[in-house]
Amino acid sequence: RNKNITHEQLAAQIAEVEARKEAKEEEERLEARRIAEEEEQQRLVRKGRRELLAKKAKTVEDFLQSILRDPDGPSGRPGATRDELFEMHPRAQGLALRLYSEFLHPGSKELPEEDWASVKEIYKRAQELTGRFVMTEDGPLNLRNSWDPPPEEGEGDEQNTDGAGLGRGLL
């Protein structure tokens, strides 16, 4: 079959095969780059979410600490409320540290949902005990995140808005 081909035709066939091979390699490189960029984008999104969780957990820890330092607040009085607040602070502190550590050095691709749920429970209980909430630049601290599923019927953000905000300007 190649016996009747001229030297120029053979060179053209070889060049065509090489061009197809190079085009295929280029296509594979572009696909690999697209996949790598997509994975990097997902990593950055996860990192941003971890950072947000860590900041909010630290805000909750600071909120508890400020309540416990307030001599006129609930922690200044003897009783079960004070004891419960004193028990919650080390837990909140440990969770905030763990979430910050997870932000700096992620252990998995998943978000630390269990730790975050514990922080939300601590904040909610502290609000119930003290009647106070954290006030940020954007208003009362919202522990719902943009990626959270929408709340179910009857389960909303019951933010205490009686004006007893604490920690104005945090976060």
ILVMFWY cluster, L52 and F103 together (side-chain gap under 4.5 Å):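 Different clusters.
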Hphob cluster co-occupancy, L53 + L97, side-chain heavy atoms under 4.5 angstrom: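 Different clusters: L53 never reaches L97 through Ile, Leu, Val, Met, Phe, Trp or Tyr contacts under 4.5 Å.
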Under-4.0 Å salt bridge between R34 and E31: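 Yes, R34 and E31 are salt-bridged.
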D70/R132 salt bridge by N-O under 4.0 Å criterion: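 D70 and R132: salt-bridged.
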In Å and rounded to the nearest 0.5 Å, what is the [atom1] to [atom2] distance from [X] to [Y]?
| X | Y | atom1 | atom2 | result |
| --- | --- | --- | --- | --- |
| D83 | M88 | CG | CE | 11.5 Å |
| Q127 | I122 | CD | CD1 | 13.0 Å |
| E113 | D115 | CD | CG | 10.0 Å |

So, for [X] and [Y], which heavy atoms are closest and what is the spacing to 0.1 Å?
| X | Y | value |
| --- | --- | --- |
| L85 | L64 | CD2-CD2, 3.9 Å |
| P112 | E102 | CG-CG, 3.9 Å |
| R50 | P106 | CZ-CB, 3.7 Å |
| P151 | R144 | CD-NH2, 3.4 Å |

Side-chain donor or acceptor of Y123 paired with backbone N/O of E61 under 3.5 Å: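 Not confirmed, Y123 side chain does not pair with E61 backbone.
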R91 side chain to S118 backbone, donor-acceptor under 3.5 Å: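 No, R91 side chain to S118 backbone: no donor-acceptor pair under 3.5 Å.
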Do [X] and [Y] make a side-chain contact, defined as non-hydrogen atoms from C-beta onward lying under 4.5 Å apart?
| X | Y | answer |
| --- | --- | --- |
| L111 | W116 | no |
| L141 | F133 | no |
| I35 | E38 | no |
| F63 | T130 | yes |
| Y100 | L95 | no |
| E121 | K124 | no |

Listed partners of R43 passing side chain to side chain contact (heavy atoms under 4.5 Å, CB included), at least two apart: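 R43: side chain to side chain contact (heavy atoms under 4.5 Å, CB included) contacts with E40, R46, K47.
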What donor-acceptor contacts under 3.5 angstrom involve side-chain atoms of residues 18-28, with partners at least two apart or in another chain?
{"from": "R20", "atom 1": "NH2", "to": "E16", "atom 2": "OE2", "distance (Å)": "3.3"}
{"from": "E26", "atom 1": "OE1", "to": "R29", "atom 2": "NE", "distance (Å)": "3.4"}
{"from": "E26", "atom 1": "OE1", "to": "R29", "atom 2": "NH2", "distance (Å)": "2.5"}

Derivation of the side chain to side chain contact (heavy atoms under 4.5 Å, CB included) call for K109 and Q42: CA-CA 10 Å; K109 287 188 174 186; Q42 290 172 354; over 6 Å; no
Side chains of N145 and K56, donor plus acceptor under 3.5 Å: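 Yes, a side-chain donor-acceptor pair sits under 3.5 Å.
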